[in-house]
Amino acid sequence: MLSEELKEKYQLVVGLEVHAQLLTESKMFAADANQYGQSPNTLISAITLGHPGTLPKVNKKAVEYAVRMGLACDSEITRYNIFSRKNYFYPDLPKGYQITQDKGPICVGGTVPVKLSDGSERVIRLNRVHMEEDAGKSIHLAGEPDTLVDFNRAGTPLVEIVTEPDIRSSEEAYVFLSEIKKLVKYLDICDGNMEEGSLRCDANVSVMLKGAKEYGKKVEVKNMNSFRNVAKAIDHEHERIIGLLEAGQEIISETRTFDADSCTTASMRTKEDLNDYRYFPEPDLSPVVISEEWLQSVKASMPALPRELFAKFVEKYGLPEYDAAFLTESKEIALWFDALCSKTQNYKAASNWMMGPVKSHLNESGLDIAEYPVKPEALADLIALVDGGKVAFSTASKSIYPELANAKGESALEIAQRLNLIQESDEDSLKPIVQSVLDENAKKVAEYRSGKKGLMGMFMGEVMKKSKGKADPKVATRILTELLEN
């Protein structure tokens, strides 16, 4: 473990390469179904396998999804797109080459703003977003001498999101990846599932002396299946590289693999050993030309993005940033909350319900908000009952809300009436109840009047018991105060 003083001598420099599988119905250049979890080698065709005489055809929906990603990141969209062949030989690459974009990515530049735990903001620049097809998958079963190959994944549409070397800490890398996952899910172009491999990340890590102008030699780390493991791998490489430099050793530009059990990396191959990919234009694909008309139609179909909804929740609805961050973490939650706010003016109460009872209900029942039985207007009616003094929040959350979530079709008011929960706010009806509580607790009344004002809570508790929870707390408190102070 290196000292913090030694770490401070160097600047960590990280660039990320993120592969996102696109949620198209078919593959990038063939009509094979694009699905996860099917039996091995059942989603393949002569085109996917690269048989002689077959011709690929570009998936228009994949191009649209790539453009959506670029627009979300304020990238420049390339109008004239050429695909290239990236040649290498590996068992899971059926054609012996991968169709990708080399010199001309569909999206150039762009930025992704991120917010760190200390509240500071950073803007991570993108170098490019380009389209390509995925390879198949080699399967190494425990105890088996042979490697099996499943080509179902071969040809799956991908976008590769490549950052500039702007990331300066493992936390920044983690937050950036979280933002990318959120973006692709908001855009409906990728499910963001790292465990299934639909979102994968490689990290390029180097260090340089503070104040230096040239970057140090970088190493690439692969095989990380979670954002937390990406952060751990970066932290490990940060210390390992500094240790080598301090020992006077040279940094080898290499590809390393990450071991999640030991949180360490190991060398796979040096960059000098890598194949020459011999990129050249794909001869079987015509250039893809993006017209202004089509680009404008994609722009018009763009959904609201997380940062746009965050700004709306803070500026229009007046919510704290903490609430807005929670509510925009999921697209479905954000849109459901926005619909709720169209039915009520008490935006903070709506946020409290979302972060409290609604979140608890979804967690306990294992439901997504799409399966949630309560409609926004129904929850808005419940909020109105509380705001109107008809029921207390505790009564609404503990008694009415569970009934509402049972989806029996009753309104919040109907449930409250059926359970006899409407608060009593008539002073003439409440005053005898309050007086009886004071009569039964004469000693406590004397203590209150002698200065123990904290007893007010005890009196209120007794009033609520006698009224069976139906006393309006505001009215009851006013009556109590008047009687106790006289």
Side-chain angles (χ1 to χ4, degrees), residues 1-4 6-7 9-20 86 88-93 98 134-150 153 158 160-163 165 167-174 176-177 180 193-208 215-277:
M1 182 72 72
L2 298 178
S3 68
E4 288 302 317
L6 188 56
K7 283 186 186 179
K9 180 179 172 183
Y10 294 89
Q11 176 64 66
L12 175 68
V13 178
V14 177
L16 298 178
E17 299 171 7
V18 184
H19 289 84
K86 179 181 180 180
Y88 64 97
F89 295 94
Y90 203 72
D92 59 16
L93 195 68
Q98 177 188 32
D134 211 343
K137 188 174 184 180
S138 296
I139 301 169
H140 315 282
L141 299 176
E144 294 290 334
D146 300 320
T147 295
L148 304 178
V149 180
D150 180 8
R153 194 176 70 178
L158 295 176
E160 182 173 351
I161 305 152
V162 182
T163 76
I167 296 168
R168 296 292 178 265
S169 70
S170 59
E171 183 196 358
E172 285 184 21
Y174 182 94
F176 172 82
L177 289 170
I180 290 294
N193 192 326
M194 286 196 80
E195 290 75 18
E196 294 181 1
S198 54
L199 196 66
R200 309 196 292 274
C201 176
D202 299 334
N204 294 293
V205 185
S206 66
V207 303
M208 62 182 182
Y215 295 134
K217 273 190 179 180
K218 67 181 181 183
V219 298
E220 182 182 32
V221 186
K222 291 181 174 288
N223 297 343
M224 298 168 289
N225 62 358
S226 73
F227 297 165
R228 201 165 300 282
N229 281 343
V230 172
K232 289 177 180 178
I234 290 171
D235 285 337
H236 172 77
E237 282 303 296
H238 187 192
E239 293 207 0
R240 187 186 71 85
I241 294 172
I242 291 176
L244 290 174
L245 291 173
E246 287 295 306
Q249 298 183 41
E250 183 181 356
I251 304 303
I252 300 173
S253 183
E254 62 183 344
T255 298
R256 299 179 69 84
T257 183
F258 177 71
D259 185 331
D261 293 329
S262 63
C263 292
T264 60
T265 64
S267 180
M268 292 173 65
R269 57 183 178 268
T270 64
K271 291 294 186 182
E272 289 75 11
D273 292 338
L274 289 178
N275 294 325
D276 175 5
Y277 291 126

Notebook entry, point to check: What distance separates Lys86 NZ from Tyr277 OH, expressed to the nearest 0.5 Å?
Noted result: 4.5 Å
Next item on the list: Measure the NE2-OG distance between His238 and Ser206 for me, rounded to the nearest 0.5 Å.
Entry: 10.0 Å
Check: Are a donor atom and an acceptor atom from the side chains of Gln98 and Tyr90 found within less than 3.5 Å of each other?
Finding: no
Next item on the list: Please name the pair of heavy atoms, one in Asp92 and one in Lys137, separated by the smallest distance, quoted to 0.1 Å.
Entry: CB-N, 3.7 Å
Notebook entry, point to check: Are the side chain of Arg256 and the backbone of Val221 linked by a donor-acceptor contact shorter than 3.5 Å?
Noted result: no
Check: So do Leu177 and Met194 actually touch side chain to side chain, heavy atoms under 4.5 Å?
Finding: no
Item checked: Donor-acceptor contact present, side-chain Arg228 to main-chain Asn225, <3.5 Å -> no
Next item on the list: Could you tell me whether the side chain of Ser253 and the main chain of Lys217 form a donor-acceptor pair under 3.5 Å?
Entry: no
Next item on the list: Over all heavy atoms of both residues, which pair between His19 and Leu158 is shortest? Give the atoms and the distance, please.
Entry: CD2-CD1, 3.9 Å
Next item on the list: Verify side chain to side chain contact (heavy atoms under 4.5 Å, CB included) between Val18 and Phe176, making sure each step is shown before the conclusion.
Entry: CA-CA 10 Å; Val18 184; Phe176 172 82; 4.3 Å; yes
Note to self: Using every non-hydrogen atom in the two residues, find where Gly15 and Thr163 come nearest and quote the distance to one decimal.
What the structure shows: CA-OG1, 3.4 Å
Item checked: Nearest-0.5 Å distance that lies between atom CD in Glu239 and atom CD in Glu246 -> 12.5 Å
Margin query: Nearest 0.5 angstrom please: Lys232 NZ to Ser170 OG, how far?
Written below: 11.0 Å
Item checked: Residue from Thr257, Thr265, Asp202, Thr255 passing side-chain hydrogen bond (donor to acceptor under 3.5 Å, both in side chains) with Lys222 -> Asp202
Check: Roughly how far, to the nearest 0.5 Å, is the CZ atom of Arg153 from the CG atom of Asp134?
Finding: 4.5 Å
Note to self: To the nearest 0.5 Å, what is the distance between CD1 on Ile161 and CD1 on Ile180?
What the structure shows: 4.5 Å
Check: Where do Leu93 and Ala135 come nearest, in terms of heavy atoms and distance?
Finding: CD1-CB, 4.1 Å
Check: What pair of heavy atoms forms the shortest contact from Leu16 to Cys201, and how long is it?
Finding: CD2-SG, 3.9 Å
Checklist line | Contact check, side chains of Tyr10 and Ile241, non-hydrogen atoms, under 4.5 Å | finding: no
Next item on the list: Determine the minimum heavy-atom distance between Ser138 and Thr147, stating which atoms define it.
Entry: CB-CG2, 3.9 Å
